[in-house]
Amino acid sequence: MPEGPEIRRAADSLAAAVLEQPLTEVWFAFAQLRHYQPELIGQRIVAIEPRGKALLTHFSNGLTLYSHNQLYGVWKVAKAGETPTTKRDLRVRLQTAQQAILLYSASDITLGPREEIAMHPFLQRIGPDVLDMALTQRQVTQRLLAPAFCRRQLGGLLLDQAFLAGLGNYLRAEILWLAQLAPQHRPRDLSADALQRLAQAILALPRLSYQTRGQANDDVHHGALFSFKVFHRSGEPCLRCGAMIVKTTLSSRPFYWCPNCQH
């Protein structure tokens with residue numbers, strides 16, 4: 001499942017294709033949304049906002065489309081009038097004179113006035129977006145020590161979207177490796193130094209992944225590109241201590257770590 005950085009990069013691509021251009025065609029697969037189609041013709045998409053693993057598509061008339069890809073949903077960009085060849089089921093088509101954005105296979109889709117969509121149950125229960133550049137290390141530390149989270153083991157907590165939206169399985173493993181922490185720790189039991197390392201890693205890794213993951217790593221001396229240190233590297237040597245990286249299962253998801261240097 002895509003995590004916060006991938007969702008945000010997808011939102012950037014969609015926005016680059018259609019933002020602020022009048023819509024010439026609008027189509028929804030779900031019958032309960034089709035009455036909105038004529039209302040959206042001629043309107044503009046003014047923002048495409050990631051919220052954790054959901055996307056909010058904001059229109060110039062005050063309506064907002066909520067979509068969550070879940071396991072199988074995917075957005076694609078196409079030229080106006082074209083439909084990519086795929087076995088996926090088309091759910092949404094939003095087209096301008098030049099390009100279109102298309103949502104396939106997602107089932108969690110709704111549309112309504114912006115203030116109503118803001119009350120969507122998913123949006124109400126998720127925490128701050130980990131890629132919100134206004135989120136500070138101090139705020140992350142405060143959430144780690146909040147009563148709702150401080151007694152939770154880190155291996156499960158970092159997958160809980162109520163803690164911070166946008167974290168997922170590969171980020172969980174990489175954050176705990178960078179912070180040199182074992183997954184069974186609870187925030188309330190950590191030293192001040194360990195809490196600081198954890199809060200720093202929680203902010204730094206998703207932002208680095210968003211900025212650089214997927215770029216060719218052919219000029220690394222000009223800046224650190226995101227690369228997996230433990231995820232999908234079981235049986236390989238740890239890049240920090242040389243011990244073997246181990247794969248296990250935590251919260252029903254595969255987890256990778258170095259038992260030697262993650263204490």
Asn169: side chain to side chain donor-acceptor pair (under 3.5 Å) partners, not counting sequence neighbours: Arg172
Residues that Ser251 engages under side chain to side chain donor-acceptor pair (under 3.5 Å), provided they are two or more places apart: none
Considering all heavy atoms, the nearest [X]-[Y] contact:
X	Y	value
Gly52	Ile7	O-CG2, 3.8 Å
Leu167	Pro206	CD2-CG, 3.9 Å
Glu6	Tyr170	OE2-OH, 2.7 Å

Passing option when Trp177 is tested against Leu205, Val230, Ile245 for side-chain contact (heavy atoms from CB on, under 4.5 Å): Val230
Same apolar cluster: [X] and [Y], side chain cutoff 4.5 Å:
X	Y	answer
Trp75	Val46	no
Val26	Leu63	yes
Ile45	Ile41	yes
Ile202	Tyr210	yes
Leu103	Ile101	yes

Is the shortest side-chain heavy-atom distance between [X] and [Y] below 4.5 Å?
X	Y	answer
Pro187	Leu157	yes
Leu195	Leu145	yes
Leu40	Leu111	yes
Leu158	Leu171	no
Pro5	Phe226	no
Leu14	Leu94	no
Thr57	Val92	no
Met119	Glu115	no

Any sub-3.5 Å donor-acceptor pair from [X]'s side-chain atoms to [Y]'s backbone N or O?
X	Y	answer
Gln21	Gln98	no
Glu25	Arg93	no
Gln262	Leu176	yes
Gln95	Leu23	no
Lys53	Arg51	no
Glu116	Pro113	no
Arg88	Ser105	no

Pairs flagged by ring-ring contact (aromatic ring centres under 6.0 Å, His included) wherever residues 10-54 is involved - sequence neighbours left out: none
Pairs involving residues 117-153, ordered by first then second residue, that meet ring-ring contact (aromatic ring centres under 6.0 Å, His included) (sequence neighbours left out): Tyr66-His120, His68-Phe122, Phe149-Phe163
Intermediate values then yes/no, side-chain contact (heavy atoms from CB on, under 4.5 Å), Leu33 and Ile109: CA-CA 9 Å; Leu33 301 181; Ile109 304 169; 3.9 Å; yes
Can you name the residues that form a side-chain contact (heavy atoms from CB on, under 4.5 Å) with [X], not counting sequence neighbours?
X	value
Pro128	Leu135, Arg143, Leu164
Ala118	none
Ser13	none
Arg151	Arg186, Arg188

Filter on side chain to side chain donor-acceptor pair (under 3.5 Å), then keep only pairs touching [range], sequence neighbours left out; what's left?
range	value
residues 38-49	Glu20-Arg44, Gln43-Ser60, Glu49-His58
residues 190-204	Asp193-Arg197
residues 231-250	Arg233-Glu236

From CZ (Phe228) to OG (Ser209), nearest 0.5 Å: 7.0 Å
Nearest-0.5 Å distance, CD1 of residue Ile175 to CG of residue Leu178: 8.5 Å
For Met133, the rest of its hydrophobic cluster, which grows through side-chain links under 4.5 angstrom: none
